[in-house]
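One structure below.
Quick note on labels: first sequence line is chain A, next is B, and so on, each numbered from 1. Here the structure is a predicted model, which means the values were calculated and not measured.
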2 protein chains.
Amino acid sequence: MSVDRTQVLRAAAALLSRKATATMDEVARAAGIGRATLHRHFAGRDALVRALEQMCIEEAEAALDAARIEEGPADEAVRRLVTASQPAAPLLSFLVTENQLFEGDGQNEGWARLDARLVALFRRGQEEGTFRIDLSPAWLCEAFYGLISSGAWAVADGRVAANDFSYMIAELLLGGARRSVEK
Amino acid sequence: MSVDRTQVLRAAAALLSRKATATMDEVARAAGIGRATLHRHFAGRDALVRALEQMCIEEAEAALDAARIEEGPADEAVRRLVTASQPAAPLLSFLVTENQLFEGDGQNEGWARLDARLVALFRRGQEEGTFRIDLSPAWLCEAFYGLISSGAWAVADGRVAANDFSYMIAELLLGGARRSVEK
DNA sequence: ACCAAGTGAGACATAAATGTCTCACACAAG
DNA sequence: CTTGTGTGAGACATTTATGTCTCACTTGGT
């Protein structure tokens, strides 16, 4: 009977990531609920996006925790992180693009935390000699978001099997497309 | 005196890629013209997006041509393509996300052409032994779009220098983040 | 200097989305 | 069965964006 807030947010993210101009009515229908109900849970479009942002940050931090990115070789940590990020991928896909140009009250400080942890991971990899040093941690971080996003979109579109999500992203991010002699 | 259509479209892409819900008025201001003038050139939001799509496809095909992707080693071709794609990057960044869920009249067939050419490039690389075969051409294609997008965004945001655009993208796409023995 | 074409600013009507409300109904707990 | 909570559907007013128009002004060409 009662609406599952999380499920509504996921549906909203899935829709909005590919049609950012979607109406509140469309969001409600995509989530399988009435517009009035959607409005009872989220005061307006802003509130909805905020909730999406909050949930995304929470899930992303949970993924960072679950992947234990401080432990072991950095490349293994990245691999675990990609796998752990899959559930949050559609969410990230929406929020990475919808920057809203950080107008108004400034963006959620959670983003800065995520960035910091991710950058730290890549930096650690560089210091340990696992990652190359000619690609800046900031760019690797950005590329990570971008590939997660692309992966989520490719899976949602049926171009990549959901089971291949982690492998495709982690392999490309870590090893690249070029065939190397050491493999 | 006369408005530069191309410049307006670029400004629109730059804005819309980060705030897809931007108003026609905001677009006009971002382009430095009046709302009435914007309306004289593009009948409405739909027409604007269509024009954006058209221009993007044209520039992307021009980039494919300029990079002569059929010639030489596939990895070199990819490198040339990334460089040639830089001008169209903000445009791509917007259109890759704004899929509009291909409702209505179906998407521009130009996208299919682009995809086909790009996929052919990656497939050629695999057949020649330059690219690994465990990453599907479709995924490499998707990742290419995603990284171009991320790169455009990172540059626009000042996180990556414009001069590093090509290098960062091509190196990550081809070689990955991991440090390999052969380099 | 003159003219023509194109523009910006603003007024305006229309269309569309938003936010609020009511009401009937389903469902779960008691 | 009765009660209470939460829901869907729809009506409604309000806000917001859109599309059209006019008019004064700038600019480039003649």
Euclidean distance, atom CD1 of residue B:I33 to atom P of C:dA9 [Å, nearest integer]:
11 Å
Whole-Å gap separating P (D:dT22) and CZ (B:R40)
12 Å
Taking only N/O atoms, report every protein-nucleotides 15-20 of chain D pair under 3.5 Å with atom names and distance.
unit_1, atom_1, unit_2, atom_2, d
D:dT18, OP2, B:M24, N, 3.0
D:dG19, OP2, B:H39, NE2, 3.3
D:dG19, N7, B:R35, NH1, 3.1
D:dG19, O6, B:R35, NH2, 2.9

B:F122 side, atom CZ; B:S136 side, atom OG - distance, nearest 0.5 Å
10.5 Å
Once hydrogens and angles are ignored, does a donor-acceptor distance under 3.5 Å link the base of D:dG8 to the side chain of A:R29?
no
Check this for me, if you would: do A:E59 and A:R10 make a salt bridge, where the nitrogen-to-carboxylate-oxygen distance has to be below 4.0 angstrom?
yes
Between A:H41 and D:dT7, is there a side-chain N or O to OP1/OP2 distance below 4.0 Å?
yes
Using 4.0 Å as the upper bound for N to carboxylate O, is an ion pair formed by B:R29 and B:D25?
yes
Looking at B:R123, I'd like to know if its CZ atom is crowded, meaning that more than 12 non-hydrogen atoms belonging to other residues, nucleotides or ligands lie closer than 6.0 Å.
no
Just distance, no hydrogens or angles: give the donor-acceptor pairs under 3.5 Å from side chains in residues 74-81 of chain A, sequence neighbours left out.
unit_1, atom_1, unit_2, atom_2, d
A:R79, NH1, A:E171, OE2, 2.5
A:R80, NE, A:A67, O, 2.7
A:R80, NH2, A:A67, O, 3.2
A:R80, NH2, A:R68, O, 2.9
A:R80, NH2, A:E71, O, 3.0

Nearest-Å distance, CD (A:Q7) to P (D:dT7)?
12 Å
Pairwise side-chain contact, A:V8 with A:H41, heavy-atom cut-off 4.5 Å (strictly under):
no
